[in-house]
Amino acid sequence: MTRSAASGAPAPDPPDLDAPDLDAPAPVPPRDDGPRDGRTRRSGPPAPAGAVVRPPWTFLTNHGHVLLAVAQSQDARVSEIAARVGITTRATLAILKDLESAGYLRRHRTGRRSHYTVDGHRPFRHPAIAAHEIGELLDVLAPAPAGAQDVS
(Lines give C-alpha, C1' and ligand atoms only; values in the text may rest on other atoms or scores of the structure.)
Protein backbone atom coordinates (compact mmCIF):
# COMPACT_ATOMS: atom_id res chain seq x y z
CA MET A 1 0.00 0.00 0.00
CA THR A 2 1.24 3.50 -0.76
CA ARG A 3 0.50 6.79 0.99
CA SER A 4 -1.38 9.60 -0.73
CA ALA A 5 0.79 12.72 -0.95
CA ALA A 6 -2.10 15.14 -0.25
CA SER A 7 -3.74 13.57 2.79
CA GLY A 8 -1.19 11.12 4.04
CA ALA A 9 -3.93 8.46 4.07
CA PRO A 10 -3.10 5.10 2.57
CA ALA A 11 -3.99 4.89 -1.13
CA PRO A 12 -5.40 1.66 -2.56
CA ASP A 13 -3.02 -0.57 -4.46
CA PRO A 14 -3.26 -0.30 -8.23
CA PRO A 15 -5.38 -3.09 -9.77
CA ASP A 16 -3.57 -6.21 -10.94
CA LEU A 17 -4.35 -6.28 -14.65
CA ASP A 18 -3.40 -9.95 -14.97
CA ALA A 19 -5.79 -11.16 -12.26
CA PRO A 20 -9.14 -12.59 -13.44
CA ASP A 21 -12.24 -10.48 -12.84
CA LEU A 22 -14.33 -12.65 -10.54
CA ASP A 23 -17.44 -10.49 -11.03
CA ALA A 24 -17.45 -10.84 -14.83
CA PRO A 25 -19.87 -13.39 -16.34
CA ALA A 26 -18.38 -16.60 -17.68
CA PRO A 27 -17.76 -16.55 -21.43
CA VAL A 28 -20.46 -18.29 -23.47
CA PRO A 29 -19.18 -20.69 -26.11
CA PRO A 30 -20.48 -20.11 -29.64
CA ARG A 31 -23.60 -22.10 -30.51
CA ASP A 32 -23.12 -24.95 -32.93
CA ASP A 33 -26.32 -26.49 -34.25
CA GLY A 34 -24.40 -28.90 -36.42
CA PRO A 35 -24.08 -29.14 -40.16
CA ARG A 36 -26.73 -27.57 -42.37
CA ASP A 37 -26.49 -30.06 -45.24
CA GLY A 38 -28.54 -32.90 -43.75
CA ARG A 39 -25.61 -34.69 -42.15
CA THR A 40 -25.67 -35.34 -38.46
CA ARG A 41 -22.89 -34.85 -35.99
CA ARG A 42 -22.26 -37.84 -33.77
CA SER A 43 -20.15 -38.16 -30.70
CA GLY A 44 -18.57 -41.41 -29.72
CA PRO A 45 -17.73 -44.31 -31.96
CA PRO A 46 -18.96 -44.34 -35.56
CA ALA A 47 -22.25 -46.08 -36.30
CA PRO A 48 -22.04 -49.69 -37.45
CA ALA A 49 -22.34 -50.29 -41.18
CA GLY A 50 -25.97 -50.22 -42.29
CA ALA A 51 -27.20 -48.51 -39.10
CA VAL A 52 -29.74 -45.75 -39.51
CA VAL A 53 -28.47 -42.43 -38.15
CA ARG A 54 -31.32 -40.18 -37.08
CA PRO A 55 -31.20 -36.50 -38.06
CA PRO A 56 -31.08 -33.95 -35.21
CA TRP A 57 -34.81 -33.16 -35.66
CA THR A 58 -37.81 -34.47 -37.59
CA PHE A 59 -41.22 -33.10 -38.52
CA LEU A 60 -43.04 -35.67 -36.40
CA THR A 61 -42.50 -36.30 -32.71
CA ASN A 62 -41.75 -39.76 -31.35
CA HIS A 63 -45.44 -39.97 -30.45
CA GLY A 64 -46.32 -39.46 -34.11
CA HIS A 65 -43.79 -42.06 -35.24
CA VAL A 66 -45.08 -44.63 -32.72
CA LEU A 67 -48.66 -43.98 -33.85
CA LEU A 68 -47.61 -44.50 -37.48
CA ALA A 69 -45.76 -47.70 -36.60
CA VAL A 70 -48.81 -49.08 -34.79
CA ALA A 71 -51.09 -48.09 -37.69
CA GLN A 72 -48.81 -49.97 -40.10
CA SER A 73 -48.61 -53.08 -37.93
CA GLN A 74 -51.18 -53.38 -35.17
CA ASP A 75 -49.72 -56.68 -33.98
CA ALA A 76 -46.12 -55.45 -33.72
CA ARG A 77 -44.28 -56.12 -30.49
CA VAL A 78 -43.12 -53.14 -28.45
CA SER A 79 -39.50 -53.99 -29.25
CA GLU A 80 -40.31 -53.96 -32.98
CA ILE A 81 -42.02 -50.57 -32.69
CA ALA A 82 -39.06 -49.22 -30.71
CA ALA A 83 -36.60 -50.45 -33.34
CA ARG A 84 -38.65 -48.96 -36.17
CA VAL A 85 -38.89 -45.56 -34.47
CA GLY A 86 -35.33 -45.63 -33.15
CA ILE A 87 -36.10 -45.21 -29.45
CA THR A 88 -35.84 -47.43 -26.40
CA THR A 89 -38.44 -49.99 -25.41
CA ARG A 90 -39.12 -48.05 -22.21
CA ALA A 91 -39.75 -44.83 -24.16
CA THR A 92 -42.03 -46.74 -26.53
CA LEU A 93 -44.06 -48.14 -23.63
CA ALA A 94 -44.47 -44.65 -22.15
CA ILE A 95 -45.63 -43.28 -25.52
CA LEU A 96 -48.08 -46.16 -26.04
CA LYS A 97 -49.50 -45.43 -22.58
CA ASP A 98 -49.83 -41.71 -23.46
CA LEU A 99 -51.59 -42.50 -26.75
CA GLU A 100 -53.91 -45.00 -25.06
CA SER A 101 -54.76 -42.57 -22.23
CA ALA A 102 -55.60 -39.84 -24.74
CA GLY A 103 -57.86 -42.20 -26.73
CA TYR A 104 -55.71 -42.47 -29.88
CA LEU A 105 -55.09 -46.18 -29.32
CA ARG A 106 -57.04 -49.03 -27.83
CA ARG A 107 -55.14 -51.99 -26.45
CA HIS A 108 -56.54 -55.51 -26.53
CA ARG A 109 -54.79 -58.35 -24.74
CA THR A 110 -54.70 -61.78 -26.32
CA GLY A 111 -52.79 -64.03 -23.96
CA ARG A 112 -49.48 -62.29 -23.31
CA ARG A 113 -49.61 -60.19 -26.49
CA SER A 114 -51.03 -56.71 -26.88
CA HIS A 115 -52.83 -55.72 -30.05
CA TYR A 116 -53.50 -52.08 -30.76
CA THR A 117 -56.28 -50.40 -32.69
CA VAL A 118 -55.86 -46.81 -33.84
CA ASP A 119 -58.81 -44.43 -33.58
CA GLY A 120 -58.33 -42.33 -36.69
CA HIS A 121 -61.22 -40.02 -35.80
CA ARG A 122 -59.41 -38.35 -32.91
CA PRO A 123 -58.41 -34.70 -33.54
CA PHE A 124 -54.85 -33.44 -33.60
CA ARG A 125 -53.80 -32.00 -30.25
CA HIS A 126 -52.29 -28.74 -31.53
CA PRO A 127 -54.90 -25.95 -31.70
CA ALA A 128 -53.75 -24.84 -35.16
CA ILE A 129 -54.77 -28.18 -36.71
CA ALA A 130 -57.31 -29.48 -34.19
CA ALA A 131 -60.02 -29.36 -36.87
CA HIS A 132 -58.29 -32.28 -38.62
CA GLU A 133 -58.39 -35.92 -37.60
CA ILE A 134 -55.26 -38.02 -37.24
CA GLY A 135 -56.75 -40.45 -39.73
CA GLU A 136 -55.97 -37.90 -42.45
CA LEU A 137 -52.28 -38.14 -41.60
CA LEU A 138 -52.42 -41.91 -41.32
CA ASP A 139 -54.09 -42.21 -44.73
CA VAL A 140 -51.12 -40.42 -46.29
CA LEU A 141 -48.20 -41.82 -44.31
CA ALA A 142 -49.43 -45.23 -43.13
CA PRO A 143 -52.10 -46.68 -45.41
CA ALA A 144 -54.19 -49.27 -43.54
CA PRO A 145 -52.97 -52.84 -43.97
CA ALA A 146 -55.32 -55.22 -45.74
CA GLY A 147 -58.07 -56.39 -43.41
CA ALA A 148 -57.49 -53.68 -40.79
CA GLN A 149 -60.49 -51.86 -39.41
CA ASP A 150 -60.69 -48.29 -38.23
CA VAL A 151 -62.45 -47.68 -34.91
CA SER A 152 -65.40 -45.30 -35.30
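Quick note: residue numbers are just sequence positions, from 1.
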Identify the heavy atoms of [X] and [Y] that sit nearest to each other, and give their distance.
X: A69; Y: R84; value: O-NH1, 3.4 Å
X: P123; Y: A130; value: CB-O, 3.4 Å
X: A71; Y: L138; value: CB-CD2, 4.0 Å
X: D119; Y: G103; value: CB-O, 3.6 Å

Sub-3.5 Å donor-acceptor pair from the side chain of [X] to the main-chain atoms of [Y], do we have one?
X: Y104; Y: G120; value: no
X: T88; Y: A91; value: yes
X: R122; Y: A102; value: yes

Could you tell me the separation between the [atom1] atom of [X] and the [atom2] atom of [Y], rounded to the nearest 0.5 Å?
X: H126; Y: H132; atom1: NE2; atom2: NE2; answer: 12.5 Å
X: L93; Y: D98; atom1: CG; atom2: CG; answer: 11.0 Å
X: S73; Y: L68; atom1: OG; atom2: CG; answer: 12.5 Å
X: T92; Y: H65; atom1: OG1; atom2: NE2; answer: 12.0 Å
X: Q72; Y: L67; atom1: CD; atom2: CG; answer: 10.0 Å

Indicate yes or no: at least one non-hydrogen side-chain atom of [X] is less than 4.5 angstrom from one of [Y].
X: I95; Y: V85; answer: no
X: L99; Y: Y116; answer: no
X: V66; Y: I87; answer: yes

### Query
With distance as the sole criterion, is a donor-acceptor pair present between the side chains of H121 and E133 under 3.5 Å?
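Present: a donor and an acceptor within the cut-off.
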### Message
Are more than 12 heavy atoms, taken from residues, nucleotides or ligands other than R90, located less than 6.0 Å from that residue's CZ atom?
### Response
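No - once you tally the heavy atoms of other residues, nucleotides and ligands closer than 6.0 Å, there are 12 at most.
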### Query
What residue among Q74, R107, H108 forms side chain to side chain donor-acceptor pair (under 3.5 Å) with T117?
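The residue from Q74, R107, H108 that satisfies side chain to side chain donor-acceptor pair (under 3.5 Å) with T117 turns out to be H108.
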